[in-house]
Visitor: 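My questions will all concern the structure given below.
Predicted model, so just to flag it, every value in this text is computed and none were measured. Every heavy atom of this structure was used, including side-chain atoms; hydrogens, water molecules and symmetry mates were not. Read the numbers this way: they start at 1 and go in the same order the structure lists the ligands and their atoms.
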Amino acid sequence: MLNTEFQKIPASYLFSDIAKKVSEYQKAHPDKQVLRLGIGDVTLPLAPAVVAALHDAVEEQAQSATFAGYGPEQGYAFLREAIAEGEYEAIGVSLDSDEVFIGDGAKSDTGNIQELFAADAKVAVADPVYPVYIDSNAMAGRLGDYEGNRWTNLVYLPCNEGNGYKPPFPTEPVDLIYLCYPNNPTGTTLTRDELGGWVQYARDNGAVILFDAAYRAFITDDSIPRSIYEIEGAEEVAIEFGSFSKTAGFTGLRCSWTVVPKALVIDGVSVNAMWNRRQATKFNGTPYIVQKAAAAIYSPEGQVQVQEAVDYYLRNAALIREALLGAGIEAVGGDNSPYVWFKCPGGMDSWAFFDFLLNNAQVVGTPGVGFGPAGEGQFRLSAFGSFETTQEAVARLTGLLPQLSA
Ligand code: MLT
């Protein structure tokens, strides 16, 4: 017998759907140059310090004295320590390196974490949201039925213009709350007080926060928290995910981390020990050469190089944001974040605008409704293209606007 929960899930993953549409369009119009600001895939090559570390690690693999086979399932100590120091100590958060688990991407880690929780745990998500949080819980059978773009047993926390795209607290009891800041897809951030409110909510209501910090490197405003553990007491109620994908161009290499604090104990059970057990059973570790490459970003030259790439994408984000605002489109995000989120012009729905933009400007974005019902009528553009692509895409998009208002 099959897991029938899969039959309830929309047939294809959002970004696969988009890729299919774009490839069909490109096949039908081979002469057109399609500009991709859809999926948040980076375009700059790896930093020189990362490439050098990769070469060195490959050489090590070529010698019996330095060859590395199976590594620790939790990740090599050198990288766990580098993250504890470079990502956390650096912002005043003290962690033990055995609270940091190395993974092969925040997609896998955020998708897998739900296995630690009860089959009937009640889940809440900000809406719109990165679809992995929802789909992974749907596959596990927690979400009820999918009716009219909504799961019957999922608590949606709608983020819209009215609340500044900040999720309201749940109005019913929930066990798990997924938060992602800087936010994918809206590009918005939470202040320290707002994030503190969520930690307090979780503490008061016996909930666990699953905090996706994959985009933290894009925060330039020091008053915005980069980690949930900057909030006192969060270590008792929150798990955090980080990623090298967007920070250091690892979308192809694959490397991430998950922090499961030892202070997170539920009904006397250590969640850190559970995740350790889960990883030891189902994961044989991120490749040695990739972990070596990731550790290289914490060298002084690695830090400078990676920051240059982040700044490059932030310049794209500012360009998109300013162009949209300048054209009278209400846009959020794009500062402290690589995503810009806006209302589809001309009152179009998300997919209609996606098609319109692809057909008339050959620009690919992501339809907001693909991130959840509250995303209908909205659209996301990613800043991970080249500067030239971004400039051209923005010019084509804004050039179309008179057509829409006519
Ligand atoms: C996105 O475009 O939302 C992300 O690139 C998807 C991902 O990180 O898996």
Visitor: For ligand 1, which atoms sit closer than 4.0 Å to a heavy atom of Gly40?
Guide: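 Close to Gly40: 1 (C), 2 (O), 5 (O).
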
Visitor: May I ask whether Tyr339 has any heavy atom positioned less than 4.0 angstrom from an atom of ligand 1?
Guide: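 Yes; Tyr339 lies near enough to ligand 1 that a heavy-atom distance drops under 4.0 Å.
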
Visitor: Quick one: do Arg321 and Asp335 make a salt bridge, cutoff under 4.0 Å?
Guide: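 Salt bridge between Arg321 and Asp335, a charged N being under 4.0 Å from a carboxylate O: yes.
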
Visitor: In terms of side-chain geometry, is the basic nitrogen of Asp145 or Lys8 positioned less than 4.0 Å from the acidic oxygen of its partner?
Guide: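 Yes, this pair counts.
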
Visitor: Under 4.0 Å between a Lys/Arg side-chain N and an Asp/Glu carboxylate O for Glu99 and Arg80?
Guide: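 Here Glu99 does not pair with Arg80 in a salt bridge, since their nearest N and O are not under 4.0 Å apart.
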
Visitor: Do me a favour and list the nearest non-hydrogen protein atom to atom 6 (C) of ligand 1 with residue, atom name and distance?
Guide: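 For atom 6 (C) of ligand 1, the nearest protein heavy atom is Tyr130 CE1, 3.6 Å.
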
Visitor: Before accepting this row, confirm whether a basic side-chain N of the pair Arg216/Glu87 lies closer than 4.0 Å to the acidic partner's carboxylate O.
Guide: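 Salt bridge between Arg216 and Glu87, a charged N being under 4.0 Å from a carboxylate O: yes.
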
Visitor: With a cut-off of 4.0 Å, which atoms of ligand 1 are near a heavy atom of Asn184?
Guide: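 Under 4.0 Å from Asn184, ligand 1 has these atoms: 1 (C), 3 (O).
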
Visitor: Nearest protein heavy-atom contact for atom 5 (O) of ligand 1: which residue, which atom, what distance?
Guide: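 In this structure, atom 5 (O) of ligand 1 has Lys246 NZ, 2.8 Å as its nearest protein heavy atom.
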
Visitor: Parallel, tilted or perpendicular: which describes the rings of Phe371 and Trp341, with under 30° parallel and over 60° perpendicular?
Guide: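 Perpendicular.
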
Visitor: Would Ile39 count as being in polar contact with ligand 1, using the rule that some N or O on each side must be under 3.5 angstrom apart?
Guide: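 No; every N/O pair is 3.5 Å or more apart.
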
